[in-house]
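The block underneath contains the structure these notes are about, expressed in structure tokens.
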Amino acid sequence: MLEKTNVKVLDKVVVRFSGDSGDGMQLAGNIFTNVSAGVGNQVSTFPDYPAEIRAPQGSLGGVSGFQVSVGMNVHTPGDLCDVLLAMNAAAFKQNVKYVKPSGVVIVDIDSFKEADLRKALYTTDDPYTEVGCKAQVVEVPVTTMTKAALADSGLDLKSVLKCRNIFALGLVCWLFDRPLESALHHLKNKFAKKPAVFEANAKVLQAGYDYGHNIHASVSTYRIETEDPRPGIYTDINGNTATAYGLIMASEKSGRPLYLGSYPITPATDILHELAKRKDLGVKAVQMEDEIAGVCSAIGAAFAGNLAVTSTSGPGLALKSEGIGLAVMAELPLVIIDVQRGGPSTGLPTKTEQTDLFQALYGRNGESPLCVVAAASPTDCFTMAFEACRIALEHMTPVILLTDAFIGNGSSAWRVPDADEYPEIHPPLLPADRCDGTWRPVERDAATQVRYWAIPGTPGAQHRLGGLEKDAVTGAISTDPVNHQRMVNIRREKVARIADDIPALTVQGNADADTLIIGWGGTYGHLITATNALNDSGTAVALAHFRYINPLPANALDVIRRYKRVIVAELNTGMFADFLQSKLPGVNILRINKVQGQPFAASEIVEQVKSLMK
């Protein structure tokens with residue numbers, strides 16, 4: 001056999017898997033990601049799939065994609081891919097725009113017949129020229145080779161065709177010198193209860209890998225550099241799973257049992273799924289009949305002494321708003337997780353946006369302040385879920401954690417933390433010496449304004465809470481105007497004082513620059529990549545990325561005032577910019593906004609920053 005030729009050495013590489021929704025692109029992409037993480041690469045993924053349950057096979061509307069970047073200094077799934085795998089003509093047409101001109105496109109030529117081209121709305125018989133493809137195209141008979149590999153398997157044709165994605169995975173593993181042993185391990189776990197299916201997939205995985213050897217002279221192969229990771233146990237994890245794990249860690253550190261009351265909604269449902277598996281850790285996860293029942297059951301659990309959580313997306317957050325207001329009035333610890341998606345209404349349920357910020361800040365009746373935090377990456381979902389729980393429990397307040405579809409479904413390589421890396425959580429439980437029958441639920445700590453938490457059943461601590469205003473001294477129902485003003489101020493001040501209990505805002509990039517880029521939440525990877533690219537090209541910029549929204553870090557406004565030019569980039573029409581502008585009336589805040597259901601591309605941030613700086 002000839003030696004490999006034309007090997008490209010890269011510090012990072014971007015691969016995009018694409019095909020019909022039923023072609024298994026998410027599975028193939030996830031296995032490739034896990035294998036890459038296992039050999040020491042940093043990874044960042046972007047599952048991009050349609051909202052339709054099952055669009056017509058071979059149609060443009062049914063194309064599902066999975067993009068992953070692997071290598072060193074990886075913060076995003078990449079703007080353009082080095083390699084595109086297209087399982088049919090429609091997938092090629094929808095995704096060729098994401099390929100670098102110097103890249104490689106691998107197509108299943110068996111799915112480029114005349115009928116396939118017509119179904120994908122091509123007007124000519126030359127799909128490559130029609131879409132202006134400049135990349136190197138490698139035509140592979142994936143379907144034919146899969147059938148040949150499984151000719152003696154005894155599987156029916158439908159089952160055989162389901163293995164096409166794994167043949168393609170084997171080819172991609174060869175292309176990037178990924179170990180098949182690791183891929184086989186993941187396949188074995190996936191099909192543990194179906195040994196015949198595992199054997200078939202293992203066979204086609206090897207067939208795809210071997211096919212790569214036979215075409216080595218006609219296509220570039222890649223060697224991806226790795227870096228020495230911090231010692232520990234690493235795994236590939238998506239944001240929703242990391243969120244679930246962060247909640248479990250907070251339960252362990254607080255000594256409070258974890259309760260999740262939720263209703264399934266894209267793209268947040270995986271949090272419910274993951275916690276439902278964790279009965280072994282004492283987690284109670286209940287699928288309620290609707291969103292309102294989800295939040296109300298969680299409020300009851302909070303009153304009863306649980307670490308109470310409800311998870312949802314934007315439409316569900318709207319339905320939960322009255323219940324959240326009750327939790328604000330009752331001053332109960334409640335964590336509300338909003339995995340944001342495209343809206344309004346049903347909108348773009350499988351796409352990403354940052355358009356729920358104002359709803360999180362203001363979307364309740366009356367003066368109803370609460371804490372709002374946001375996760376910056378898939379792995380940061382663990383940390384910010386833990387933080388949301390810590391703040392809720394220690395400050396006796398509802399906390400909204402904002403993630404989004406991009407980081408909720410996307411994944412990164414995650415080092416499993418040691419237990420002592422996260423602090424103990426200390427809820428303000430009612431002291432034993434106050435359980436003498438004279439305690440009132442409105443009693444609070446003078447420094448923090450936080451009220452005590454009396455667990456029902458505690459002798460001498462009988463009490464009731466509710467949605468009606470209470471007297472600030474006795475706790476009895478009160479309609480006194482002056483008392484209401486006092487209670488509004490107390491609840492507002494309690495949330496404001498959380499600023500003393502969160503990290504200060506830090507600046508990355510060139511801290512001495514005149515221009516400050518500001519972002520929040522799940523845009524971090526693209527913004528830090530753009531910031532580094534700008535500084536590397538001689539354009540000095542700094543980056544301040546917010547994970548704590550309300551209250552802002554105590555030093556945030558002073559940091560922003562240091563810069564002559566302030567640019568806020570976010571996936572909405574300017575919500576965080578408006579929020580900051582209300583607190584910085586003398587500062588002219590410039591904006592970069594995108595509302596397309598897609599994450600930023602680092603390159604578009606670079607170009608728009610340069611344009612604004614002119």
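For Tyr524 and Gln508, the side-chain atoms include at least one donor-acceptor pair closer than 3.5 Å. Donor-acceptor pairing under 3.5 Å is lacking for the side chains of Asp116 and Ser111. Between the side chains of Tyr98 and Asp79, no donor N or O sits under 3.5 Å from an acceptor N or O. Checking Asn238 against Thr241 by side-chain atom types alone, a donor-acceptor pair falls below 3.5 Å. A donor-acceptor contact closer than 3.5 angstrom is absent between the side chains of Ser377 and Asp380. No side-chain donor from either of Gln598 and Thr352 sits under 3.5 Å from a side-chain acceptor of the other. Looking only at atom types and distance, the side chain of Arg591 has no donor-acceptor partner in the side chain of Asn572 under 3.5 Å away. A side-chain donor-acceptor contact under 3.5 Å links Thr45 and Ser411. No hydrogens or angles considered: a donor-acceptor pair under 3.5 Å links the side chains of Thr310 and Lys320. A donor-acceptor contact under 3.5 angstrom links the side chains of Gln26 and Ser64, judged on distance only.
The side chain to side chain contact (heavy atoms under 4.5 Å, CB included) test applied to Asn510 returns Asp512, Ala513, Asn535, Ala540, not counting sequence neighbours.
Ring-centre distance between Phe406 and Phe46: below the 6.0 Å cut-off. Between Tyr422 and Phe382, the distance from one ring center to the other falls under 6.0 angstrom. With ring centers used as reference points, Phe386 lies 6.0 Å or more from Tyr245.
Residues Glu570 and Ile518 form no side-chain contact, since every pair of their non-hydrogen atoms from C-beta on lies 4.5 Å or further apart. Looking at heavy atoms from C-beta onward, Ser321 lies out of side-chain contact with Leu317 at the 4.5 angstrom threshold. Contact annotation: the side chain of Phe112 approaches that of Val107 to within less than 4.5 Å [non-hydrogen atoms, C-beta and beyond]. Residues His545 and Ile528 form no side-chain contact, since every pair of their non-hydrogen atoms from C-beta on lies 4.5 Å or further apart. Annotation: side chain of Pro551 is in contact with side chain of Cys371 (closest heavy-atom distance under 4.5 Å). Looking at heavy atoms from C-beta onward, Ile271 lies in side-chain contact with Val339 at the 4.5 angstrom threshold. Asn588 is listed as a side-chain neighbour of Leu590, based on a closest heavy-atom distance under 4.5 Å.
The distance from the CD atom of Gln340 to the CG atom of Asp356 is 4.5 Å, given to the nearest 0.5 Å. Rounding to the nearest 0.5 angstrom, the gap separating the CD1 atom in Ile407 from the CE atom in Met384 is 10.0 Å.
Crowding of Lys97 atom NZ: a count of heavy atoms from other residues, nucleotides or ligands under 6.0 Å exceeding 12. Within a 6.0 Å sphere centred on CG of Asn365, other residues, nucleotides and ligands contribute 12 heavy atoms or fewer. Within a 6.0 Å radius of CD in Glu367, no more than 12 heavy atoms belonging to other residues, nucleotides or ligands are found. Sparse packing is recorded around CZ of Arg492, with 12 or fewer heavy atoms of other residues, nucleotides or ligands lying under 6.0 Å away.
One N or O on the side chain of Lys93 and one on the backbone of Ala120 form a donor-acceptor pair closer than 3.5 Å. In terms of modelled atom types and a separation under 3.5 Å, the side chain of Thr76 and the main chain of Gly78 share a donor-acceptor contact. Formation of a donor-acceptor pair under 3.5 Å by the Glu139 side chain with backbone atoms of Asp108 is not found in this model. Judged by distance alone, the side chain of Asp20 and the main-chain N or O of Gly58 form a donor-acceptor pair under 3.5 Å. In terms of modelled atom types and a separation under 3.5 Å, the side chain of Thr269 and the main chain of Pro264 share no donor-acceptor contact. One N or O on the side chain of Thr243 and one on the backbone of Gly239 form a donor-acceptor pair closer than 3.5 Å. For Tyr49 (side chain) and Gly62 (main-chain N/O), no donor-acceptor pair under 3.5 Å exists by modelled atom type. In this structure, the side chain of Gln581 engages the main chain of Val587 through a donor-acceptor pair within 3.5 Å. A donor-acceptor pair under 3.5 Å is formed between the side chain of Thr531 and the backbone N or O of Leu527. Here the side chain of Asp338 pairs no donor or acceptor atom with the backbone of Leu402 at under 3.5 angstrom.
Ionic pairing of Glu353 and Arg341 is not present here: no N-O contact between side-chain nitrogen and carboxylate oxygen is shorter than 4.0 angstrom. Using a cutoff of 4.0 Å between basic side-chain nitrogens and carboxylate oxygens, Asp82 and Arg16 are not scored as salt-bridged.
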**Message:** What verdict does the side chain to side chain contact (heavy atoms under 4.5 Å, CB included) test give for Asn550 and Val495, after you've listed the backbone C-alpha separation in whole Å, the side-chain angles of each residue and the deciding distance to 0.1 Å?
**Reply:** CA-CA 8 Å; Asn550 189 48; Val495 172; 4.0 Å; yes

**Asked** Yes or no on side chain to side chain contact (heavy atoms under 4.5 Å, CB included) for Asn88 and Asp23, after CA distance, side-chain angles and deciding distance?
**Response** CA-CA 10 Å; Asn88 61 27; Asp23 281 344; 4.2 Å; yes

**Request:** Given side chain to side chain contact (heavy atoms under 4.5 Å, CB included), test Ile106 with Leu175 step by step and report yes or no.
**Result:** CA-CA 11 Å; Ile106 300 173; Leu175 196 63; 4.1 Å; yes

**side-chain hydrogen bond (donor to acceptor under 3.5 Å, both in side chains) between Gln42 and Ser412, intermediate numbers included** = CA-CA 7 Å; Gln42 294 180 0; Ser412 298; over 6 Å; no

**Asked** How far apart are the C-alpha atoms of Ser262 and Ser311, what are their side-chain angles, what is the distance that settles it, and do they pass the side-chain hydrogen bond (donor to acceptor under 3.5 Å, both in side chains) test?
**Response** CA-CA 6 Å; Ser262 288; Ser311 55; 2.8 Å; yes

**Message:** Between Thr379 and Ile237, does the side chain to side chain contact (heavy atoms under 4.5 Å, CB included) criterion hold? Intermediate values first, please.
**Reply:** CA-CA 7 Å; Thr379 55; Ile237 194 170; 4.0 Å; yes

**Request:** Could you please spell out the steps behind the ring pair (Phe, Tyr, Trp, His ring centres under 6.0 Å) verdict for Phe66 and Phe32?
**Result:** CA-CA 11 Å; Phe66 185 100; Phe32 180 78; 9.1 Å; no

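Note: Phe576 and Trp520 have tilted aromatic rings, judged against thresholds of 30 and 60 degrees for the angle between ring planes. Between Tyr128 and Phe92, the two ring planes are perpendicular [angle over 60°; tilted spans 30° to 60°].
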